[in-house]
Amino acid sequence: MQSRPLDRTLAILATLAALTVAIMVVGILTTRGSQDFFQSARSVEAYAAYLGTPLVPFGLRLNLGLDNLFMIFYGAFFIVLAARLRMILDPYLLGTALASMMLTVILDCVENHHIMTMVHAIQNGLPLSPADGELQMIASQVKFHASYLAVLLFSFGFLQFGRLGRTIALVLWCYIPFGILISVTPMEQAKTLVLGRTIFFVFAFILSAVLFASQAQNHARNSQ
């Protein structure tokens, strides 16, 4: 496949991913409902109290629905990016990067549906044990760490795309230490770090949309 169609596809997917997260953030700020609360192990009573807050159940379902859509967009983006970088990066490095990102997608999918299962259990009086929250916390952290490895490896490909590509690589590198700090910081003190991690990840998609739209335009001009 030629580079121009890939670049246009990457620009579209990056834009859709960034817009989806932007809508998610608006929903979280409006309803206070977010999956983040379920990514940390808590007592069953704490989960139930959270779901008892007005608008939170609706906001949580909205957040998870949008995140399921985001999974499709960012998963497709990195698959197409791997195809775009196949002549630039070593195939073993690229294969490891893509496998790590696909593991992220799988664990993200498991996380979302497990959270919905927990919500269903709480709202219908079904048994729920503390182990559910503990396993969810482990799965969430493994998911994020798989993404840290993936974006580090993919960043080496972005370095080949000039100044904007190097800027994207730098943004991705900043995403990683924020995530590592979150994993060792008490959850009530990590809110700023979580916000920072989200900002860097979304900013990388915004810049990627600009980069690959520009690449597609350059290919079009060169072909005339």
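We number each residue from 1, following the sequence as shown.
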Residue pairs passing the salt bridge (Lys or Arg N to Asp or Glu O under 4.0 Å) test with at least one member in residues 125-152, sequence neighbours excluded, are D108-K143, E111-K143
Any idea how F212 and F77 line up, ring-wise: parallel (<30°), tilted (30 to 60°), or perpendicular (>60°)?
perpendicular
Apart from V184 itself, its cluster of hydrophobic side chains linked below 4.5 Å comprises none
Point to revise | Heavy-atom side-chain proximity of Q217 to D7 below 4.5 angstrom | key: no
Nearest heavy-atom contact between S129 and V44 is C-CG2, 4.3 Å
Report all side-chain donor-acceptor pairs from residues 11-23 shorter than 3.5 Å, counting only partners two or more places apart or in another chain.
{"unit_1": "T15", "atom_1": "OG1", "unit_2": "A11", "atom_2": "O", "d": "2.8"}
{"unit_1": "T20", "atom_1": "OG1", "unit_2": "L16", "atom_2": "O", "d": "2.7"}

On a heavy-atom basis, the closest approach of G75 and V105 is CA-CG2, 3.9 Å
Which of Y175, F205, F178 passes ring-ring contact (aromatic ring centres under 6.0 Å, His included) with F200? It is F178
| task | Tell me whether I72 is reachable from L10 by hopping between hydrophobic residues (I, L, V, M, F, W, Y) whose side-chain heavy atoms are closer than 4.5 Å. | result | no
So if you build clusters from Ile, Leu, Val, Met, Phe, Trp, Tyr with side-chain heavy-atom gaps below 4.5 Å, do M102 and Y148 land together?
yes
*Are M71 and M116 in one and the same hydrophobic cluster, where Ile, Leu, Val, Met, Phe, Trp and Tyr link if side-chain heavy atoms are under 4.5 Å apart?*
no
Side-chain donor-acceptor pairs of residues 53-61 under 3.5 Å, sequence neighbours excluded:
{"unit_1": "T53", "atom_1": "OG1", "unit_2": "A49", "atom_2": "O", "d": "3.4"}
{"unit_1": "T53", "atom_1": "OG1", "unit_2": "Y50", "atom_2": "O", "d": "3.2"}
{"unit_1": "R61", "atom_1": "NH2", "unit_2": "Q123", "atom_2": "OE1", "d": "3.1"}

Residues at least two apart in sequence or cross-chain that pass side chain to side chain contact (heavy atoms under 4.5 Å, CB included) with S40, listed by chain then number, are R42, M187
d(N63 CG, I115 CD1) to nearest 0.5 Å is 8.5 Å
Quiz item: With side chains defined as the heavy atoms from C-beta onward, is the minimum distance between S208 and F158 less than 4.5 Å?
Solution: yes
When rounded to the nearest 0.5 Å, the distance separating CD of Q35 from CG of L62 is 11.5 Å
So CG of L64 and CG of N68: to nearest 0.5 Å the spacing works out to 6.5 Å
- prompt: Taking everything shown except F37 itself, do over 12 heavy atoms lie less than 6.0 Å from its CZ?
  reply: yes
For F144, the ring-ring contact (aromatic ring centres under 6.0 Å, His included) test, sequence neighbours excluded, returns none
Using modelled atom types and a 3.5 Å cut-off, is there a donor and acceptor pairing between side-chain atoms of D90 and backbone atoms of Y92? yes
Let me check something: any side-chain donor-acceptor pairs from residues 166-174 under 3.5 Å, sequence neighbours excluded? List them with distances.
{"unit_1": "T167", "atom_1": "OG1", "unit_2": "R163", "atom_2": "O", "d": "3.0"}
{"unit_1": "W173", "atom_1": "NE1", "unit_2": "S155", "atom_2": "OG", "d": "2.8"}

Interatomic distance, CE@M101 vs OG@S147, rounded to 0.5 Å, equals 6.0 Å
For A150 and S100, the nearest pair of non-hydrogen atoms, with its separation, is CB-CB, 3.8 Å
L93 and L153 have their tightest heavy-atom pair at CD2-O, 3.7 Å
M137 meets the side chain to side chain contact (heavy atoms under 4.5 Å, CB included) criterion, sequence neighbours left out, with A41
Please answer: with hydrophobic residues joined when any side-chain heavy atoms are less than 4.5 Å apart, are L193 and I28 in the same cluster? no
With sequence neighbours left out, the residues meeting side chain to side chain contact (heavy atoms under 4.5 Å, CB included) with I88 are R84, L85, Q160, F161
Note to self: Do F201 and F156 land in one hydrophobic cluster if side-chain heavy atoms of ILVMFWY residues count as linked below 4.5 Å?
What the structure shows: yes
Evaluate the side-chain proximity of L181 to R197: yes if any heavy-atom separation is below 4.5 Å, no if none is. no
Next item on the list: For D67 and F70, indicate whether the former's side chain and the latter's backbone hold a donor-acceptor pair under 3.5 Å.
Entry: no
For V142, the side chain to side chain contact (heavy atoms under 4.5 Å, CB included) test, sequence neighbours excluded, returns L107, I138
ring-ring contact (aromatic ring centres under 6.0 Å, His included) filter on F78, not counting sequence neighbours, yields F154
- Taking R86 for the side chain and A83 for the main chain, is one N or O donor matched with an acceptor at less than 3.5 Å? yes
In this structure, CG of L149 is separated from CD1 of I176 (nearest 0.5 Å) by 8.5 Å
Would a distance-only check, ignoring hydrogens and angles, find a side-chain to backbone donor-acceptor pair under 3.5 Å from S214 to V210? no
Interatomic distance, OG1@T104 vs OH@Y74, rounded to 0.5 Å, equals 6.0 Å
Smallest heavy-atom separation, I180 atom then S183 atom, equals O-OG, 2.6 Å
So the ring pair (Phe, Tyr, Trp, His ring centres under 6.0 Å) pairs with at least one residue in residues 93-131 (sequence neighbours excluded) are none
